[in-house]
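What you see is a predicted model, and the numbers here were worked out from it, not measured in a lab.
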Amino acid sequence: NLHENEIQNFGIENIHELHSFIDLLKQLQSQNNLQSNNNQQSNNNQQKSNVISINNIIPPEELTCPLSHKLMIDPVIAQDGNTYEREAIEEWFNSGNTASPITEEQIEAFLLPNKVVQKLCEKWRIENGK
């Protein structure tokens with residue numbers, strides 16, 4: 001469990017914002033479950049050409065890195081409170097950047113794994129054959 005001062009380091013000002021973030025993740029998971037159920041029902045008798053079109057589904061924006069615009073594999077939370085693909089945000093910092101790519105506030109290159117988003121990305125990848 002993160003302590004209050006650790007949560008604030010990631011741009012989450014209060015417990016309400018943290019709960020809002022958790023609720024968003026739960027909504028994404030519910031949407032993915034619903035989409036998965038619908039895809040399973042409609043895919044039972046589809047031809048191969050239809051299966052190919054399913055594999056071209058674009059991942060939800062919440063599961064893509066704001067720098068690489070790709071589905072995340074190793075998502076991390078930066079001090080600005082945003083989640084990035086580890087490789088992309090490390091490259092950002094290694095290029096000499098010291099400000100958040102989203103908020104432009106000065107932040108340190110301190111990153112924490114975002115296991116919830118990682119599991120949602122893995123689930124989306126499995127459900128969509130990516």
Side-chain angles (χ1 to χ4, degrees):
N1 293 335
L2 293 175
H3 291 73
E4 185 173 321
N5 60 345
E6 292 171 315
I7 292 171
Q8 289 176 347
N9 285 339
F10 291 98
I12 298 175
E13 297 297 324
N14 56 48
I15 198 71
H16 175 71
E17 288 181 12
L18 179 61
H19 285 293
S20 296
F21 178 71
I22 292 170
D23 288 343
L24 174 64
L25 292 175
K26 287 179 182 178
Q27 288 174 357
L28 286 172
Q29 186 174 22
S30 294
Q31 289 173 356
N32 284 339
N33 287 341
L34 180 60
Q35 181 181 8
S36 174
N37 290 340
N38 289 341
N39 284 344
Q40 287 173 356
Q41 291 172 359
S42 64
N43 286 339
N44 285 338
N45 295 320
Q46 287 185 336
Q47 297 176 350
K48 189 174 184 178
S49 62
N50 290 338
V51 174
I52 291 170
S53 68
I54 291 171
N55 290 332
N56 291 328
I57 294 174
I58 298 172
E61 183 178 342
E62 296 83 1
L63 300 181
T64 60
C65 174
L67 294 174
S68 69
H69 304 287
K70 295 180 181 177
L71 181 66
M72 291 182 273
I73 297 170
D74 186 12
V76 292
I77 301 173
Q79 282 186 319
D80 64 358
N82 291 291
T83 298
Y84 303 91
E85 175 61 39
R86 180 183 299 277
E87 185 177 320
I89 192 67
E90 285 179 347
E91 184 177 316
W92 174 264
F93 286 123
N94 291 337
S95 296
N97 294 299
T98 58
S100 161
I102 295 178
T103 67
E104 298 181 2
E105 66 184 286
Q106 293 295 309
I107 60 174
E108 294 180 28
F110 180 74
L111 307 170
L112 284 178
N114 190 332
K115 296 295 185 184
V116 174
V117 172
Q118 183 179 30
K119 288 180 182 182
L120 288 171
C121 289
E122 287 172 2
K123 182 177 180 177
W124 188 92
R125 192 175 287 106
I126 290 167
E127 290 174 353
N128 293 283
K130 298 279 183 180

Chemist: Any pair with a residue in residues 68-79 that passes salt bridge (charged side-chain N to carboxylate O under 4.0 Å, His left out), sequence neighbours left out, goes on the list, sorted by first then second residue, please.
Modeler: Asp74-Arg86

Chemist: Excluding sequence neighbours, so at least two apart, what forms side chain to side chain donor-acceptor pair (under 3.5 Å) with Glu122?
Modeler: none

Chemist: Please list, chain by chain and in numerical order, all residues satisfying side-chain contact (heavy atoms from CB on, under 4.5 Å) with Gln106, sequence neighbours excluded.
Modeler: Thr98, Ala99

Chemist: Would you confirm whether Gln79, through its side chain, and Glu108, through its main-chain N or O, come within 3.5 Å as a donor-acceptor pair?
Modeler: yes

Chemist: Minimum heavy-atom separation for Pro59 and Thr64, please, with both atom names.
Modeler: CB-CG2, 3.9 Å

Chemist: Donor-acceptor pair, Ser100 side chain versus Ile102 backbone, under 3.5 Å?
Modeler: yes

Chemist: How about Glu87: does its CD atom have over 12 heavy atoms from other parts shown lying under 6.0 Å from it?
Modeler: no

Chemist: When rounded to the nearest 0.5 angstrom, what is the spacing between NE2 in His69 and CD1 in Ile58?
Modeler: 13.0 Å

Chemist: Quick one: salt bridge (charged side-chain N to carboxylate O under 4.0 Å, His left out) pairs with a partner in residues 93-104, sequence neighbours left out?
Modeler: none

Chemist: Excluding sequence neighbours, so at least two apart, what forms side-chain contact (heavy atoms from CB on, under 4.5 Å) with Pro101?
Modeler: Leu67, Asp80, Tyr84, Ile89, Trp92

Chemist: Considering non-hydrogen atoms only, spot the tightest contact between Met72 and Glu85 and give its length.
Modeler: CA-OE1, 3.1 Å

Chemist: Rounded to the nearest 0.5 Å, what's the gap from CG on Leu63 to NZ on Lys123? Could you check?
Modeler: 11.0 Å

Chemist: Of all heavy-atom pairs between Gln118 and Ile73, which one has the smallest distance, and what is that distance?
Modeler: NE2-O, 3.4 Å

Chemist: Could you report the tightest heavy-atom contact between Ile57 and Trp124, atom names first, then the distance?
Modeler: O-CH2, 3.4 Å

Chemist: How many angstroms lie between atom CG of Asn114 and atom CD1 of Ile77, to the nearest 0.5 angstrom?
Modeler: 4.0 Å

